[in-house]
Amino acid sequence: MNQSSSSGFILQGFSDYPDIQIPLFCLFLLIYLLTLQGNVLIIIVIYQTSLFYIPMYFFLCNLAFIDLCASSLSQPKLLSILLRRDNTISFGCCMTQLHCFMTLTCVEFISLTVMAFDRYVAICNPLRYLVVMNRRVCVMLVITCWMFSFTEPISHTVLISHLPFCRSRTIDHFFCDPSILITLSCANTFPIEILTFVLGSLVALPAFVLTVASYTYIISTIIKIHSATGRKKAFSTCTSHLTVVSVFYGTTIITYVRPTSQYSSTSKPFSFLYTALIPLINPFIYTLRNKDIKQRISNKTEIKRSHL
């Protein structure tokens, strides 16, 4: 019988390290608070200044919101597990977390691709940049990105929710990871694994190809610039995004590109890197390498000091 739908699941979290639960709680709480602070700061700075009307910063604001959602999806529950040993999660909450996780993964793939296209137009076709990437186009791209990302994993979520979880109720993870949930079922999950591969390929492969194509044209255009100052200035506008893309694709491949049978508790540190550390480092990558954002943050700091 499938009793998980009525009794829910048990998240093991990092129970492999019982002696350091409190230190882990303090560390993960610090990471979560810094993530919230960094991404909220970027959203506020961009939204309250003229940067919000520049396409690149509009998309960056959307990326910061994605990172906020991604970190808040699993971090609060993980902190609760570490501090209060509250490791139970209802079936409905688990399926909701599962769907939101796949949605946010999908939306980040597409958003980073859109940002790569934005850099391509800005560098390779600068005279038509504001015409091609006008306000209406930017808003429609973001809305379409979220709508597609929300609907694309629905079939996958529905199929997993109907699996009989009769092997165990214990999820050896800190959130409802689809790869772990599949291994708990006593039914034939091969069709779902094939669907996972197909749906993942429909999003990740086109995103990867378009991103690589965009940067191929960008690099070829930058090389043709005669002035060293011009080349440096052009390349500096996309180094932050290129760094974020490299980190995102790298951790995704390390964490999830493997057979389900090989997905074990050793994947938890990599999953934490993907779900918690990437949302933390993204704001720092953009603020440390972006003069406009650093200048706006500095201006806001000086204004607050003047009012004290």
Side-chain angles (χ1 to χ4, degrees), residues 1-16 69-78 80-81 85-110 146-205 251-276:
M1 290 179 63
N2 183 12
Q3 297 178 344
S4 298
S5 59
S6 58
S7 56
F9 297 96
I10 297 173
L11 295 170
Q12 281 197 326
F14 290 91
S15 58
D16 301 334
C69 295
S71 61
S72 298
L73 181 65
S74 59
Q75 290 297 95
K77 183 61 180 178
L78 174 58
S80 178
I81 293 172
R85 306 295 192 270
D86 179 21
N87 58 352
T88 59
I89 184 170
S90 68
F91 182 83
C93 288
C94 186
M95 292 301 111
T96 301
Q97 191 181 61
L98 166 74
H99 183 75
C100 290
F101 170 73
M102 292 188 290
T103 296
L104 291 169
T105 302
C106 182
V107 78
E108 187 147 8
F109 267 112
I110 301 174
W146 277 97
M147 289 179 63
F148 174 82
S149 300
F150 181 80
T151 56
E152 197 261 357
I154 287 178
S155 59
H156 198 228
T157 304
V158 171
L159 288 174
I160 292 180
S161 67
H162 283 82
L163 286 174
F165 298 102
C166 44
R167 287 183 179 170
S168 174
R169 291 178 52 238
T170 301
I171 301 175
D172 190 13
H173 218 297
F174 56 87
F175 72 100
C176 291
D177 190 301
S179 300
I180 296 291
L181 280 173
I182 288 175
T183 63
L184 300 182
S185 176
C186 52
N188 179 20
T189 59
F190 181 72
I192 297 181
E193 292 181 43
I194 293 297
L195 179 64
T196 302
F197 177 78
V198 171
L199 293 180
S201 299
L202 286 175
V203 175
L205 286 182
T251 53
T252 303
I253 291 171
I254 292 172
T255 307
Y256 293 104
V257 181
R258 69 180 77 181
T260 305
S261 58
Q262 298 180 13
Y263 201 85
S264 63
S265 59
T266 57
S267 299
K268 280 189 280 189
F270 293 112
S271 295
F272 186 79
L273 173 67
Y274 173 74
T275 59

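Keep in mind it's a predicted model, so treat the numbers as computed, not measured. Side chains are part of it too, since the values below use all heavy atoms of this structure and drop only hydrogens, waters and symmetry mates.
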SG-SG distance C94 to C176 under 2.5 Å: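 Yes; the two sulfurs sit under 2.5 Å apart.
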Looking at [atom1] of [X] and [atom2] of [Y], how far apart are the two atoms once the value is rounded to the nearest 0.5 Å?
{"X": "L98", "Y": "F91", "atom1": "CG", "atom2": "CZ", "answer": "9.5 Å"}
{"X": "F9", "Y": "N87", "atom1": "CZ", "atom2": "CG", "answer": "13.5 Å"}
{"X": "M102", "Y": "L199", "atom1": "CE", "atom2": "CG", "answer": "8.5 Å"}
{"X": "D172", "Y": "T183", "atom1": "CG", "atom2": "OG1", "answer": "9.0 Å"}
{"X": "F109", "Y": "E152", "atom1": "CZ", "atom2": "CD", "answer": "11.0 Å"}
{"X": "I171", "Y": "D177", "atom1": "CD1", "atom2": "CG", "answer": "9.0 Å"}

Look only at the side chain of [X] and the backbone of [Y], and say whether a donor-acceptor pair between them is shorter than 3.5 Å.
{"X": "S161", "Y": "V158", "answer": "yes"}
{"X": "H99", "Y": "F150", "answer": "yes"}
{"X": "T151", "Y": "F148", "answer": "yes"}

With a 4.5 Å limit on heavy-atom distance, are the side chains of [X] and [Y] in contact?
{"X": "L104", "Y": "E108", "result": "no"}
{"X": "M95", "Y": "L181", "result": "yes"}
{"X": "L73", "Y": "T275", "result": "no"}
{"X": "I89", "Y": "F175", "result": "no"}
{"X": "I81", "Y": "Q12", "result": "no"}

Quick one: closest heavy-atom pair of [X] and [Y], and the distance?
{"X": "F165", "Y": "S185", "answer": "CD2-N, 4.1 Å"}
{"X": "F174", "Y": "L11", "answer": "O-CD1, 3.9 Å"}
{"X": "P76", "Y": "S71", "answer": "CD-O, 3.9 Å"}
{"X": "G8", "Y": "R169", "answer": "O-NE, 3.0 Å"}
{"X": "L159", "Y": "L195", "answer": "CD1-CD2, 3.4 Å"}
{"X": "T251", "Y": "Y274", "answer": "OG1-CD1, 3.9 Å"}

Residues E193, T189; criterion side-chain hydrogen bond (donor to acceptor under 3.5 Å, both in side chains); working and verdict: CA-CA 6 Å; E193 292 181 43; T189 59; 3.2 Å; yes
Verdict with reasoning, F272 to Q75, per side chain to side chain contact (heavy atoms under 4.5 Å, CB included): CA-CA 9 Å; F272 186 79; Q75 290 297 95; 3.5 Å; yes
